[in-house]
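Contents: one structure, followed by commentary.
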Amino acid sequence: YIDLLLDICETYFNDRPKGMVLDMACGTGYIPDCFRSKGFAALGCDIFKTAITVAKSKYPACEFEVFNGRSPSRLGEGRFDVVHMREFYPFTRSSDFERQKFLILEYLKLLKVNGYLIIVGSNWCVHRHLDYCRMVSWLNKNYPKQIRAIGPFRESLHRYFPFIKRSRFLIWICEPL
């Protein structure tokens, strides 16, 4: 999964991210540890204290924090090379486009120049809640020089990456807003 994300970034942006990653809704820490195994420093955040307790015991080489995700600026603007969200609540179980826009802009501020914001959700859930095309259109219209967006990935990629049939991706690369 992590290799696929990094390969997609390299293919579309001619760059392979490295550095510090923030994984929102990290659960028990598997994804932050996968990023760590690829050379990243990783911070995993989740709203559930029990999940973070498990993550800290299973993956002591990563950093973990209980955090609900509503005020991302407290994590440090310009701190991360990658912000990764997989099945993160505001984008998978809410259709509040205004709130989603606000949060995306807040999370983009956490990125270093040329950082990546990656949003992943399962097809059965995300397509009903995050309107990818509308979001990409809004970002490209309002931030054409700062943000380059790719996704959601289309059927043509499914023969190369079969599990994408179950997932939708949005990947943004960001310059300062």
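This is a predicted model, so every value here is computed, not measured.
Look at Arg74 and Glu65 and you find a salt bridge, because one of the NZ, NE, NH1 or NH2 atoms lies within 4.0 Å of a carboxylate O, short of that distance.
Test Phe40, Tyr116, Phe80 against Phe35 for ring-ring contact (aromatic ring centres under 6.0 Å, His included) and you get one pass: Phe40.
Grouping the Ile, Leu, Val, Met, Phe, Trp and Tyr side chains by contacts below 4.5 angstrom, directly or via other members, places Val54 apart from Ile52. Clustering ILVMFWY residues whenever any of their side-chain heavy atoms sit less than 4.5 angstrom apart, transitively, puts Leu111 in the very cluster that holds Phe102. A single hydrophobic cluster is seen to contain both Val66 and Ile31, as judged by linkage of ILVMFWY side chains at heavy-atom distances under 4.5 Å, directly or through other members. Transitive grouping of hydrophobic side chains (ILVMFWY, heavy atoms separated by less than 4.5 Å) keeps Tyr30 and Phe48 in distinct clusters. Both Trp138 and Met85 are assigned to one and the same hydrophobic cluster, defined by single-linkage of ILVMFWY side chains at heavy-atom distances under 4.5 Å.
Side chains of Leu43 and Phe64 form no contact here, defined as non-hydrogen atoms less than 4.5 Å apart. Between Leu110 and Arg79 the shortest side-chain heavy-atom distance does not fall below 4.5 Å. Put simply, the side chain of Leu117 reaches to within 4.5 Å of the side chain of Ile104, judged on heavy atoms.
Side chain of Asp81 to backbone of Met20: a donor-acceptor contact under 3.5 angstrom is found. In terms of modelled atom types and a separation under 3.5 Å, the side chain of Asp46 and the main chain of Gly27 share a donor-acceptor contact.
For Glu77, the side-chain hydrogen bond (donor to acceptor under 3.5 Å, both in side chains) criterion is met by no residue, not counting sequence neighbours.
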Exercise for the section: Go through the steps to decide whether Glu106 and Arg70 satisfy the test side-chain contact (heavy atoms from CB on, under 4.5 Å), and finish with yes or no. Expected result: CA-CA 9 Å; Glu106 290 299 300; Arg70 290 186 195 135; over 6 Å; no
Handout entry: Chi angles and distances behind the side-chain contact (heavy atoms from CB on, under 4.5 Å) call for Phe67, Ile47
Key = CA-CA 5 Å; Phe67 177 59; Ile47 193 170; over 6 Å; no
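A distance of 9.5 Å separates CE of Met24 from CG of Leu103, quoted to the nearest 0.5 Å. Here Lys18 contributes atom NZ and Lys38 contributes atom NZ; the two are 15.5 Å apart, rounded to the nearest 0.5 Å. In this structure, SG on Cys45 lies 5.0 Å from CG on Leu22, to the nearest 0.5 angstrom. Between the NZ atom of Lys101 and the CG atom of Leu105 there is a distance of 8.5 Å, given to the nearest 0.5 Å.
Of all heavy-atom pairs spanning Pro32 and Gly44, the tightest one is CG-CA, 4.0 Å. The shortest non-hydrogen separation linking Gly78 to Lys112 is O-CG, 3.2 Å. Summarising the geometry of Gly69 relative to Pro72, their closest heavy-atom pair is O-CD, 3.7 Å, with the distance given to 0.1 Å.
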